[in-house]
2 protein chains.
Amino acid sequence: MEYIEAKNKFIQAWGTLGTSWGINKTMAQIHALLLLSTESITTEDIMQELQISRGNANMNIRALIDWGIIEKEHKLGERKEFFKADKDIWELARQVSKERRRREIEPILRVLDQVQDVSGTNEEEIKEFKQVTGDLMGFSLKIDGMLDKFTKSDSNWFYKMLLKL
Amino acid sequence: MEYIEAKNKFIQAWGTLGTSWGINKTMAQIHALLLLSTESITTEDIMQELQISRGNANMNIRALIDWGIIEKEHKLGERKEFFKADKDIWELARQVSKERRRREIEPILRVLDQVQDVSGTNEEEIKEFKQVTGDLMGFSLKIDGMLDKFTKSDSNWFYKMLLKL
DNA sequence: TTAAATTTTCAGTAATTTTTGAAACATTAA
DNA sequence: TTAATGTTTCAAAAATTACTGAAAATTTAA
């Protein structure tokens, strides 16, 4: 398969995958493009490669920076900003885990916690409510702990863990 | 906190969480409602509780059944269909992992595989392309293997794994 | 300073996804 | 059968989300 075809295929697939995990398509595509770039590139390059507007490019680049998975670079004698992605996949996974944990697991844990002191007249439904939300919280806490360990470890730790299984 | 308030809060939070993980809000809310129900309920009940249309209820109930996380029940002497959720959170996690693996990880693995035999004139970009997509595939395969093991094990295995860490 | 280059913002538009509601379809009871 | 009850489908509407493009803001060079 020719490079250009493979590249487009990968960018497209990465966009689609992102979409089904709640990440907007353009954001994932910009990330894919940067993963493949041998050197850091400008907003103009991204606009041109993905055929998107300046506003769209700018917003999604910023979102990627907020997620901590790409970064700005300044080149000597250049006024433009350049961007590059971290090519270390383990680092990427760690960063994504960290952010999703913070943005999504923590809020649901907070709600599950708040909701634990429920009261009411129907014994059975109260019991069921506490049981289900309690189980959910227990499970979430376990996942949360695992992710915490994961985000603080190196790829080696994860690799060993997989072996132990 | 009063039961009705806690219930609504939980349903709302579950819907929001679903949304940020690419699952539609109503689908997640129906699931939350069923998790809290002490007995199986009808489409009418769901429509009434969540204030949604029949079509919407029907479509999302079907989606939940497709995901394998709720099921139909027929009651003796009743023509209506009743629905109930599996209350076992481990089972839920296992089922969701299984489905997402099939729907999302497998497709991306297929693309990464296809794209491996890339060719072109620019040595550096080909090398980088192979490196990045190869790493990504390696990582995805590891996650895939872990999920496979997870979906085929019982909660006890997972619990032990967490202890070993 | 002023001007040129670059980045950011955001109102309006477009695209996508979700929801409705009514009609078609299916099943069971009489 | 026919009628009543219940389920599914799907075109249209609504809601949400993403994108554009131009103007405003910011930064740097002269």
Side-chain angles (χ1 to χ4, degrees), chain A residues 11-34 40-67 70-84 100 103-104, chain B residues 11-34 40-67 70-84 100 103-104:
Chain A
I11 290 173
Q12 183 53 48
W14 206 237
T16 303
L17 185 71
T19 300
S20 62
W21 285 85
I23 286 154
N24 117 347
K25 192 184 67 184
T26 302
M27 184 172 158
Q29 288 181 337
I30 293 174
H31 182 238
L33 180 61
L34 286 169
S40 53
I41 62 178
T42 65
T43 301
E44 302 282 342
D45 296 331
I46 292 167
M47 288 166 60
Q48 207 265 323
E49 286 260 13
L50 302 178
Q51 291 292 299
I52 58 176
S53 70
R54 187 174 300 283
N56 192 13
N58 184 269
M59 278 176 50
N60 284 293
I61 288 169
R62 189 139 41 77
L64 285 164
I65 292 174
D66 284 348
W67 273 76
I70 73 170
E71 59 185 44
K72 254 184 213 175
E73 204 177 47
H74 289 278
K75 286 196 179 176
L76 207 71
E78 291 269 18
R79 267 178 76 171
K80 285 185 183 174
E81 294 175 333
F82 289 74
F83 303 96
K84 66 173 182 188
R100 294 208 87 138
R103 294 166 196 233
E104 290 139 22
Chain B
I11 290 173
Q12 183 53 48
W14 207 237
T16 303
L17 185 70
T19 300
S20 62
W21 285 85
I23 286 153
N24 119 344
K25 193 183 68 185
T26 303
M27 184 172 159
Q29 288 181 336
I30 293 175
H31 182 237
L33 179 61
L34 286 170
S40 52
I41 62 178
T42 65
T43 301
E44 302 282 341
D45 297 331
I46 292 168
M47 287 164 61
Q48 208 265 321
E49 286 260 14
L50 302 179
Q51 291 292 301
I52 59 175
S53 70
R54 186 173 301 284
N56 193 10
N58 184 269
M59 277 176 54
N60 284 293
I61 288 169
R62 190 139 40 77
L64 285 163
I65 292 174
D66 285 346
W67 273 75
I70 73 169
E71 58 184 45
K72 251 184 216 176
E73 204 177 45
H74 288 279
K75 286 195 179 176
L76 206 70
E78 291 270 18
R79 267 177 76 172
K80 285 186 182 172
E81 294 175 334
F82 289 74
F83 303 96
K84 66 173 182 189
R100 294 208 87 139
R103 294 167 197 233
E104 292 140 21

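First the proteins, then the strands, lettered A, B, ... as listed; each starts at 1.
The separation between B/Met47 atom CE and D/dT7 atom C1' is 11 Å, rounded to whole Å. Rounded to whole Å, atom P of D/dA29 lies 12 Å from atom NE2 of A/His74. To the nearest angstrom, C1' of C/dT8 lies 16 Å from NZ of A/Lys80. Rounded to an integer number of Å, the gap from A/Glu81 CD to D/dT26 P is 14 Å. As rounded to whole Å, 16 Å separates atom P of C/dC25 from atom CZ of B/Arg62. A/Leu50 places its CG atom 16 Å from the P atom of D/dA18, with the value rounded to the nearest Å. We find that CE of A/Met59 is positioned 13 Å from C1' of C/dA11, with the value rounded to whole Å. The interatomic distance linking B/Gln51 (CD) with C/dT20 (C1') rounds to 13 Å, in whole Å.
In this structure, A/Leu34 CG and A/Ile70 CD1 are separated by 5.5 Å, a value rounded to the nearest 0.5 Å.
Counting non-hydrogen atoms under 4.0 angstrom, B/Glu44 reaches nothing in the nucleic acid.
The number of heavy-atom neighbours closer than 6.0 Å to CE of A/Met59, taken from other residues, nucleotides and ligands shown, is 12 or below.
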Stepwise side-chain contact (heavy atoms from CB on, under 4.5 Å) test for B/Leu33 and B/Asp45 | CA-CA 10 Å; B/Leu33 179 61; B/Asp45 297 331; over 6 Å; no

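Comparing D/dT20, D/dT8, C/dT8 against the side chain of A/Asn56 picks out D/dT20 as the nearest. Distances were taken from every side-chain heavy atom of B/Ile52 (C-beta onward) to each of C/dT20, C/dT8, C/dC10; the shortest belongs to C/dT20.
Using a 4.0 Å cut-off, no side-chain N or O of A/Asn58 falls inside it from OP1 or OP2 of C/dT7. Proximity of B/Thr43 to the phosphate of D/dG6: no side-chain N or O atom is located under 4.0 Å from OP1 or OP2. For the OP1/OP2 pair of C/dT18 and a distance below 4.0 Å, the side-chain nitrogens and oxygens of B/Thr26 include no atom meeting the criterion. A close approach under 4.0 Å does not occur between any side-chain nitrogen or oxygen of A/Arg54 and OP1 or OP2 of C/dT6.
Partners of B/Asn58 by side-chain hydrogen bond (donor to acceptor under 3.5 Å, both in side chains), not counting sequence neighbours: none found.
Against DNA chain C, the stretch residues 12-25 of chain B makes heavy-atom approaches under 4.0 Å through B/Asn24.
Evaluation of atom-type donor-acceptor distances gives no pair under 3.5 Å for the side chain of A/Arg79 against the base of C/dT6.
For the pair B/Ser53 and A/Lys72, both in contact range of DNA chain C, the more 5′-proximal nearest nucleotide belongs to A/Lys72.
Between A/Leu64 and A/Met27, some side-chain heavy-atom pair lies under the 4.5 Å cut-off.
The shortest heavy-atom contact between A/Phe83 and A/Ile61 is CE2-CG2, 3.4 Å.
Each of A/Glu81, A/Lys84, A/His74, A/Glu73 was compared with A/Ser40 under the side chain to side chain donor-acceptor pair (under 3.5 Å) criterion, and only A/Glu73 meets it.
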